[in-house]
Amino acid sequence: MRRVAYPLLLLLLCCGLVGGCATSHASKEQKEKQARLHFQLGVDALQKGLLPKAFDELMQADKLHPNQPEVLDALAYAWRLRGNTDKAETLYKRSLRIRSRPETHNNYANLLIELHRYDEAVRQARLALADPRYRNQHLALMNLGDALLAQGHAEEALSAYQKAKLLRPEDTLPTLREAKVYLSMGKPRYAEALLKTTLRKKPQSRELTQMLVSILSKTQPALAKAYLIQFKDHATDEMDKAWAEEQMEKLP
């Protein structure tokens, strides 16, 4: 039997090892690619309200490529929707141990507000705001304002909401929160003026109309009715129109 020369045998073994490493590397890349796909499908399912599907896809993503903060954050949100805040908090903390991301700090702040742990929520919201690259700073400002208001710091909360409004002027939520602060401070005229000004630009906003009507209904029912008529005239949804009619019937 002819023997393979030792140098040639060594070369063949090395080639085998290199081939094995290449295969292993390709397998890792394939797993990461599959994990990204499962993650995207999981987020899409979350947005559509398909919670079991979301859990299935996100858990597969975490299994294929563990310890990815964006996957852990999505799983935490899914557990929040399921009502399990303990699991959600565990996942947010795990995500932050891997990498400090403003998105995670902000999402965790929102959970802490739900849990009435306002001091911690303020800290997490400020950590999110500390990164100037964070694209959703208006959301962090809203969480900061909510936590500060719950602590009784109305002026600081008002400042946070006003900054959020500057960053996202098309969003009505900062205006609603700002009006809420004025009401909590015993300044209904400020809230009324703010809502009236905003409704000139957004007469179709049900949320703004509802808050203004609640302020006007006791002292100026005729004006409250006028705003309901204005809303109904601009409404495109039949349910919104029905709501306006129902509110008008309740007025004295």
Side-chain angles (χ1 to χ4, degrees), residues 30-131 134-151 157 160-161 164 168 171-174 176-177 180 206-207 210-211 237 239-240 243:
Q30 185 64 24
K31 280 187 175 182
E32 290 178 1
K33 185 178 180 180
Q34 290 175 354
R36 285 194 297 272
L37 177 60
H38 284 297
F39 169 68
Q40 290 165 359
L41 291 171
V43 171
D44 183 63
L46 274 178
Q47 292 172 341
K48 293 177 179 176
L50 305 173
L51 203 52
K53 172 71 172 174
F55 270 112
D56 182 41
E57 297 293 348
L58 293 170
M59 286 177 172
Q60 288 191 65
D62 188 44
K63 184 177 180 180
L64 287 165
H65 195 193
N67 299 323
Q68 298 306 299
E70 58 272 15
V71 176
L72 297 176
D73 285 5
L75 272 170
Y77 182 65
W79 280 112
R80 282 189 71 181
L81 292 178
R82 186 102 188 267
N84 194 324
T85 55
D86 288 340
K87 278 189 175 292
E89 182 171 11
T90 298
L91 286 164
Y92 283 138
K93 287 182 175 179
R94 180 180 157 196
S95 177
L96 287 169
R97 282 196 297 270
I98 295 165
R99 193 187 314 153
S100 177
R101 301 168 66 241
E103 296 88 344
T104 311
H105 285 298
N106 190 39
N107 291 333
Y108 188 23
N110 190 262
L111 173 64
L112 290 166
I113 291 169
E114 181 184 336
L115 297 173
H116 308 294
R117 289 157 55 186
Y118 303 116
D119 288 347
E120 295 172 74
V122 167
R123 180 176 178 275
Q124 292 297 323
R126 291 196 191 282
L127 286 170
L129 290 165
D131 190 339
Y134 183 36
R135 295 180 180 180
N136 290 322
Q137 294 221 354
H138 67 288
L139 295 178
L141 285 164
M142 292 296 296
N143 282 325
L144 178 61
D146 289 350
L148 288 168
L149 185 60
Q151 290 178 318
Y161 295 141
R168 194 58 67 94
D171 191 350
T172 59
L173 192 55
L176 290 166
R177 290 285 204 280
K180 180 181 176 182
R206 177 168 166 174
E207 293 81 8
Q210 185 172 13
M211 181 173 274
D237 186 88
M239 292 298 291
D240 282 338
W243 171 82

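- Salt-bridge formation is detected for the pair D73/R101: a Lys NZ or Arg NE/NH1/NH2 atom is positioned less than 4.0 Å from an Asp or Glu carboxylate oxygen.
- Pairing each heavy atom of A121 with each of A147, the nearest pair is CB-CB, 4.0 Å.
- Q47 places no side-chain N or O within 3.5 Å of a backbone atom of A45 that could act as its donor or acceptor partner.
- Rounding to the nearest 0.5 Å places CG of L96 at 11.0 Å from CG of L91.
- In this structure, the separation between CG on D56 and CG on L50 is 11.5 Å, given to the nearest 0.5 Å.
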Assess the residue pair Q210 and W243 against the criterion (side-chain contact (heavy atoms from CB on, under 4.5 Å)); give the C-alpha distance rounded to whole Å, side-chain angles, the decisive distance to 0.1 Å, and a yes or no. CA-CA 10 Å; Q210 185 172 13; W243 171 82; 3.8 Å; yes
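- In this structure, CG in L72 is found 5.0 Å from CD1 in I98, a value given to the nearest 0.5 Å.
- With salt bridges taken as basic N to acidic carboxylate O contacts below 4.0 Å, none links R123 and D119.
- Judged purely by distance below 3.5 Å, without hydrogens or angles, the side chains of N106 and Q124 never pair a donor atom with an acceptor atom.
- From L112, atom CG reaches atom CZ of R117 across 5.0 Å, with rounding to the nearest 0.5 Å.
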Given the rule in the side-chain contact (heavy atoms from CB on, under 4.5 Å) test, do K93 and T90 qualify, once you have shown the distances and angles that lead to the verdict? CA-CA 5 Å; K93 287 182 175 179; T90 298; 5.9 Å; no
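- Proximity of Y108 to H105: side-chain heavy atoms (C-beta onward) are nowhere separated by under 4.5 Å.
- A salt bridge is defined here as a Lys NZ or Arg NE, NH1 or NH2 lying under 4.0 Å from an Asp or Glu carboxylate O, and E89 with R94 fails to meet this definition.
- Between the side chains of N107 and R80, no donor N or O sits under 3.5 Å from an acceptor N or O.
- Between the OH atom in Y77 and the CG atom in L51 there is a gap of 9.5 Å [rounded to 0.5 Å].
- Within 6.0 Å of atom CZ in F55, more than 12 heavy atoms from other residues, nucleotides or ligands are found, so the atom counts as buried in its surroundings.
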Give the intermediate values and the outcome of side chain to side chain donor-acceptor pair (under 3.5 Å) for residues E103 and N136. CA-CA 8 Å; E103 296 88 344; N136 290 322; over 6 Å; no
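- We find the CG-OH distance between L144 and Y118 to be 14.0 Å, quoted to the nearest 0.5 Å.
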Could you go through L173 and M142, starting from their C-alpha distance and side-chain angles, then the distance that decides it, and tell me whether this counts as side-chain contact (heavy atoms from CB on, under 4.5 Å)? CA-CA 9 Å; L173 192 55; M142 292 296 296; 3.6 Å; yes
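- By the salt bridge (Lys or Arg N to Asp or Glu O under 4.0 Å) test, R168 pairs with E170, sequence neighbours left out.
- In this structure a side-chain-to-backbone donor-acceptor pair under 3.5 Å is present from Y161 to G145.
- Shortest non-hydrogen contact noted between M59 and W79 is CE-CZ2, 4.3 Å.
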